[in-house]
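Following: one structure in C-alpha cells, then a few remarks.
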Amino acid sequence: MPDATGLELIAQQLEGSTDVGEGAVLDTLYFRNRATLTVDPERIVAVLTQLRSLGYSFLASVHGSDYYPEQPRLGVHYELLDMKNIDRISVRVRLHTDAPELDSVTPQWPTANHPEREVYDMFGVVFRGHPDMRRILMPEDYEGHPQRRDFPIGGEPVLFTYNDHNHLGSPE
Amino acid sequence: MITSALGIGATVGYYEPWWIQIIKAIVIFAVALNLVPVVLLIERKLLGRFQIRYGPNRVGPYGALQPLADILKLLTKEQFRPRTSVGFLFALAPTISILTAVAAFALIPFGNVQHIFGTRVGLYGVDLSIGPLYLFAFGAIAFYGIMLGGWSSGSKYSFLGAMRGAAQLISYEVSQGLALVGVIFTAQTLSLTGIVRAQGGMWYFIPQFVGFMIFLVASFAETNRTPFDVTEADAELVAGYNTEYGGGRFASYYFAEYLNVLVVSGIVTTVFLGGWLMPFGIHPPGWVDPIVVLTKMSFIVFLFIWIRGTVPRLRYDQIMTLGWKVLLPLATLNALVTAVVVVVTH
Amino acid sequence: MEVTRQPLGPPGDPSRAAINTHTARQMLRGGEVLGANPGMHPGMTDEELERYVHERVLTTTLDKAVAWARSNSFFPLTFGLACCAMEFMHTAAARMDIARFGFEAVRASPRQADLIVLSGRVSIKMAPIIRRLYDQMLEPKWAIAMGACCSSQGVFNNYAIVPADKFMPIDVHVPGCPPRPEALMHGVLRLRDLVQQREQPGWRERYGAIGTEEVIPTADSGPSLGTGHRDG
Amino acid sequence: MSTTSDYRKGEDSIELTSVAQQLSEQAEDWGGGRDSQELLTLNLGPHHPATHGVLRLVVTLQGEVVREVKPIIGYVHTGIEKTAEDKAYWKVIPVVERMDYLSYYFNSMAYCGAVETLLEVDVPKRAQYLRVIHLELNRIASHLLWLGTGVLDIGAITPFFYCLRERDRILDLFEQSSGQRMHTRYFQVGGVMEDIPRGWEAKLREFLKVMPPAADQYGKLVSANEIVLQRLRNTCAVDAQTLLSLGVTGPLLRAAGTPWDLRKATPYSSYDDFDFKIPVGTVGDNYDRFAVRLAEIYESVKIIEQAIDGLPEGPHITTDRKVALPPRHELATSMEALIHHFKLVTEGFRVPPGEVYFPIESARGELGCFVRSDGSSKPARVHMRDPSFVNLQALEAMGEGAYLADLIAAVAMLDPILGGIDR
Amino acid sequence: MLRSYLPAIVFLALGGAVGATFVVLNSFIGPRQQIKHKQDPYECGLPSEIKRGMRFGISFYLIAMLFLLFDIEVIFLYPIAVELRAYGSYALAEVVVFILLLFVAFGYVWRRGALEWR
C-alpha cells in the first residue's frame, strides 16, 4: 500500500500530468492502510490510465455504493492493483442520482465489462462507451435499481400458498 | 454329436420345418426380451460397484425388480410429442431402432444343430449364407432410428445429436465391415455357424487379433456406448437425439441400446471367440452350448460396462479421425495381409 | 369397557371395508351372506358387487402396480440451483447412495425425468424457467422443494427471491439450509410413500391439524396418484 | 407478483430474440465462401447439465465449432448484498457464506477480515491458525467437487464418486468443529466460534494421511488416461496477458504461468508462517488448469499439516468484549458480561465509519470484500468481488474457435460457481 | 432357400410389435395433460424460436459419400473372400489391386482435407 505520504505524491503526480489535469483529484483519504483517491467523474478514464502507467495495471474490482444521506449519493469504486510492487490503490468517484453517467473503462480494461454492467443494474449508473450496457443480474424488464438504499428490500410473507384459498380464509 | 457329421457348407441350405422355425424364433425372441432387463440391472449394479456404492438393492430381492419398475413406469407415462416434431417420423424412429436390434439378434447362433422333437433344430434364429451382410444391412437401417428420431424431434439438441450420430454410425460401419473381411478370408464362409465351426482349431481372436480389436472398437461406436456416446452426450447436448423422447418411446431407445449391446456381444462371441466351442478341445453335450455362448457374451457385456465406468468420452472430431484415419486403413491392411497369408499358406 | 355398536354406513363407506370384503367374497362364492342384518350389515346389490370387483381388480391392483413402479424409479432431473445442489450430489454419492432405491438415473432432459428437485434459491429471473421446465416434464411428475430458500425464502426474504410454492405445485418440502443428504433422502422416501398412497400418521394427525393438507385438484390429469389426497 | 399468471407474463417477456437476432445478423456476415455452413444458435443453460448451476451460454455453432459464446447470468441472483445491509454485522456472516457456496469459509474470511480491519481488532494466533486449517480444508473440498464434476463433464462418471468420498470426510470435520456440513458460520469477527473439539485433531490427521494417496488416485484415474489427455491438452488455451487484462486470478491465471497468489503476495491470517509452493502451469490450456488445481490439493495438505503441528495455545477469539461474545460461564457471574452479551445479541457492535477492501485468495482467485460502514451497527454496503464473476469473462476468449465439447471442458475447468457470480 | 428367412420375418414381426407397443402404449394407459408450454421444444427452459425442420450440414453429405465408397469396397471384398482359396493367387492379385486403387482414392481424399472434421 502507498502510505499517506505516497498517496499525496501520487495525487500530485496525477494533477501534474497533462492527460489528467489540474483539479482532477477531489480528495485523498488514507484509512486503515487503504489509500483512496476521490476523483472527478469526468476524468476517470484519464486518471485510471495514468495510474496504469504508474504500475497499477490490474483492475481488481469495480463496484458501486450508495452513500444515502450524503450527497452526491452514488459512488463507484475502482480497486487497482500493482502486481510488481504488490500495492493497492482505490479510486472513487461520486455521482448524483439524477442521470448518473460515467465514462466506461471497458475499452481499456476488458475486465470492467461485467462489473460495470452490475453497477448499472444495481445502482443505475450508465457507463458511456460500454459495448453492451444492459442489465446483467436482474431480468431485462425489471424496474428500479435494487441496491440503492431507497429501494425497499422487498420480500414476501412466508406462505405455502398453492391452495391457500382452501383453508387460509382468503376470498374464493 | 452332429458337428462332425456336417460339413462346413452343409447347413447353409438346410432349414427346419416351418413350425420349428416359428417356435424357435419366438423362444429366442423371448430370451432376448428377458436379457435386456438383466443387462440393465447388471449395468447399474456393476457401475455401483465401480463407484464404491451399492447400486439398486431395495426394489425386490437384490434390486432385481428395478428394471421392471423402470419399464413399467416409462410405459405408463404421458404420451407426448413436441409441437415442432414431425409426428409420423417421431413415432416411427424408435420403432425402427428396436426393430433392427431385434432383427439382428436373430443372427446370433446359440448352439449347434440339435435333435429336438425328433428333428434337427439349429439353436439360432436364422443362419444365412450372407450372415454379416444381413447384420450390416440392419445396422445401416438402425442409423435411421437415430437420425430420424433426432431430426424429427424439432429440437436443436436432438438435431445436433442426430447429426453426430449419423456421421458416427456410418463411419464406423465401414470399419466394422472391413474388420470382418479378414475373418471371412480365413473361414471361407459367410454363414455365422460356419464361422464358428471353422474356429474348431483356434478361436479367431488370436489370428485375427487386429480385426478383433477393430471390430470391438467399431462396435462400441455403433452402439453409441462410452467413449463414443457423443450422440447423447449429456454434458453437451442434454440427452442428444432422444432429448424430446419420454415415456415408452424413450424406453424403446433405451431397450434398443441394450439389445444392441447384446447383439454386438453375440456377434463378437460368434466371430472371434468361437461361439459355442469350449476351449482345450472339450466337447460338452449339446445343451451346454447356449450356456457357453451366454457366458462369453456376458464377458463382452462386462467389458462394455467396465469401459463405461472407466473412460470419458471422446470429442466428435476425435471420433471421426479415429474412424477414418486409423481404423479404416488398419482394417483394410488387415484384410490385405490376411488375404496374402491365406493364399500363401494354402 | 362398554362395547357400543353403531350401524355402518352405506356400502361406499370406507369404514365398511372389511365388511364389504367379506360380503363380496360370500356373494362371489354364491353362498348366503352371513349375518345379513339389514340394520348392521346392509348387503350389496349386484351393481355394487360389480363395482367392488372392478375397483379391486382394475383400479386397486393395476394402480398399485403402477404406483409401485413409479415410486420406485423416480428419474430426477439434473438440476441444481445453489447450495442445496451440492447436498443433492452428496445424496447420489457413495455414502448415501440414493441409487439403492432406484433413483439414480438422473436425466438431463425434462421429458425423461419424473422428479424435479428445486435445490436452492429461486430468483425472479429463474422462476419462469423452472415453471417451463416443470411444464415440459411429462405426467405424472413430482417436485421437491429442497432447502429453506425455495420453501419459505429462508434468510433471503428479499426482492430477488420467490418461494417455489408461488409458481408451481410442490409435493414435498425438505427443510434445512442446506438440508443434509439424509434429509433429502427422507424427503424422497416420503414422496415414494405419497405416490404409493401409503398413509403414515404424520405431524398433522399428531397435532390434530388434519384438513390443512395440500390437495392438488385432479381435474383431468388422469390417475390422481401422488397427490397426497386423503379422505380424512 | 403473487400469482402464477404474473410469472407467466414475466416468462413471455424473456428477451431471447434480441440475442438470437443479433447473432444471426452476424451470422450473415460469416456466410458465403466455400466452407459456409448453417449457423446454429444454441442455448446451453440455464438448465443444462454441464453449466454447473444456472449459467446460460448462448453459443453460435458452425457445425461443431463454436463461433461465438456469450454468457448470460443472473439466474440465481439472490440479493445477498442487499440483505447484508439489513442485518447487524455479525449476522451478515451466514448471509455472505451463501454466496460462493463451495468456498463458504473464504467468504466469511473475507468479510470478517474486512470488518476486523475496520474495527482494528487483533485476531489471536490460535484463531488465525484455526482459520487457515479450515480455509485450506475448504479449498480441498472445493477442488474435489470441481474435479468430480469437471471430469463428469468430459464424460467420466466414476471419479465423481471418489471425489465426493473424500469431500464427505472434510464435511464431517466441518460438522464436528462447527455443527454444520455447509455454511458453518465458524468464523466470527475477531476469531472463530469455538475451539476445536476433542478428537478433532486426530480425525484431521487421519484425513491428512488419507488425502494425498487419494489425490494420487485421482491423478491416476484422470491424467493417466489417454482420452483425458487428448481432450484437455492444447484446448482452449489463453495466454497470461489476455487473462490479466480480463482480470482473471486464481488457478486459471497460475495455469498460464503467472505465479500470483495472495497468500504469498499479501499474507493474511498468518499465511507467512507456512511453507508452501504455488503450482503454476505453462501454456494455460485446460490440462494446465486441471493440473494446477490437483497440485494445489497437495499444497493445502502441507499447509494444514504445518498449522496443526504448530497450533499455538491461547484464546480462539478476541478478548475484546465489545466485539466477541463473552464465554458462557461468565454470564452467570459477571454483570458486565451479561450486558455485553445483551448488547451484542440485540444490537450488535458498532463499527467506526469508513471503507475497506479486503482481498484473500479463495479457491478460485481473488475474493475481495468491500465493506462500507456508516458508524451504525449494520453495514452500509457489503460487496464481494467474486472471482467466478470476473473469471467468467474469460470464457469468450477460451471458447471461440473451439469445439463444442471443448467449450464444455473449458467451462468445467473454469469452475464458475453461480452463487458467487450472481450473488 | 428363402425359407431359411422365415425366422427373420418372425423376428421382424415381433420386433415391430414390441416397438409399436412401446411407442403407442402411452396413449392408452398414460395420463393426459395439455399445457401450452409443454408442447414447446426443449431449449434449456427457455422459449424456443425453432421453425419446423432443420438442414443437415454439407460436411455430412461428404461423410455419406465416403461411406458409400468404402461400403462398396466391403461389399466387393466379401464374395472374393469366401472363394479366395478356390481361386488362389489370381483372386489375391485382384484383391491387392482393388485395395491399392482404393488406397489411392483414400490418400487423395485425405490430402484434399476431406477427413478434417470441423
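Here is how names work: the chains are called A, B, and so on, in the same order as the sequence lines, proteins then strands, and each is numbered from 1. Since this is a predicted model, take the numbers as computed values, not measurements.
- By the 4.5 Å heavy-atom criterion applied to side chains, C:Y159 and D:H77 are counted as neighbours.
- Neither the backbone nor the side chain of C:C149 comes within contact range of chain D; no heavy atoms are under 4.5 Å apart.
- The closest side-chain heavy-atom distance from D:D172 to C:R95 is below 4.5 Å.
- Between D:P46 and C:M126, the closest heavy-atom pair is CB-CE, 3.8 Å.
- Considering only heavy atoms from C-beta on, C:M89 comes within 4.5 Å of D:L145 through its side chain.
- Every residue two or more places apart in sequence or in another chain was checked for a salt bridge (Lys or Arg N to Asp or Glu O under 4.0 Å) with D:D216, and none qualifies.
- Ranked by non-hydrogen atom pairs under 4.5 Å with chain D, the options C:P178, C:A92, C:G120 are led by C:P178.
- Looking at C:A93, the atoms closer than 4.5 Å to chain D (heavy atoms on both sides) sit in the backbone and in the side chain alike.
- The closest donor-acceptor contact from the side chain of D:T83 to the backbone of C:F156 lies at 3.5 Å or more, if one exists at all.
- Going from atom CG of C:N158 over to atom OG1 of D:T78 covers 7.5 Å, rounded to the nearest 0.5 Å.
- No side-chain donor-acceptor contact under 3.5 Å links D:K82 to the backbone of C:A160.
- Between D:H47 atom NE2 and C:I116 atom CD1 the span is 7.0 Å, to the nearest 0.5 Å.
- When heavy atoms are compared at a cutoff of 4.5 Å, C:L81 approaches chain D by way of both its backbone and its side chain.
- Atom SG of C:C83 and atom CE of D:M182 lie 5.5 Å apart (nearest 0.5 Å).
- Within residues 96-104 of chain D, the residues having any heavy atom less than 4.5 Å from a heavy atom of chain C are, in residue-number order, D:R98, D:M99, D:Y101, D:L102.
- C:I130 does not touch chain D: none of its heavy atoms, backbone or side chain, sits under 4.5 Å away.
- The ring pair (Phe, Tyr, Trp, His ring centres under 6.0 Å) search around C:H90 returns none, not counting sequence neighbours.
- The line from CG of D:L171 to CZ of C:R180 is 9.5 Å long, rounded to the nearest 0.5 Å.
- Closest non-hydrogen pair, D:P49 versus C:A108, comes out as CG-CB, 3.7 Å.
- Contact count against chain D (heavy-atom pairs under 4.5 Å) is highest for C:L77 among C:L77, C:D97, C:V106.
- Remark: C:R192 engages no residue in a salt bridge (Lys or Arg N to Asp or Glu O under 4.0 Å) (not counting sequence neighbours).
- Under the 4.0 Å criterion applied to side-chain N and carboxylate O atoms, D:R181 and C:E182 are not assigned as salt-bridge partners.
- At a 4.5 Å heavy-atom cutoff, the contact between D:F160 and chain C is made by side-chain atoms alone.
- D:I73 and C:K125 get closest at one heavy-atom pair: O-NZ, 2.7 Å.
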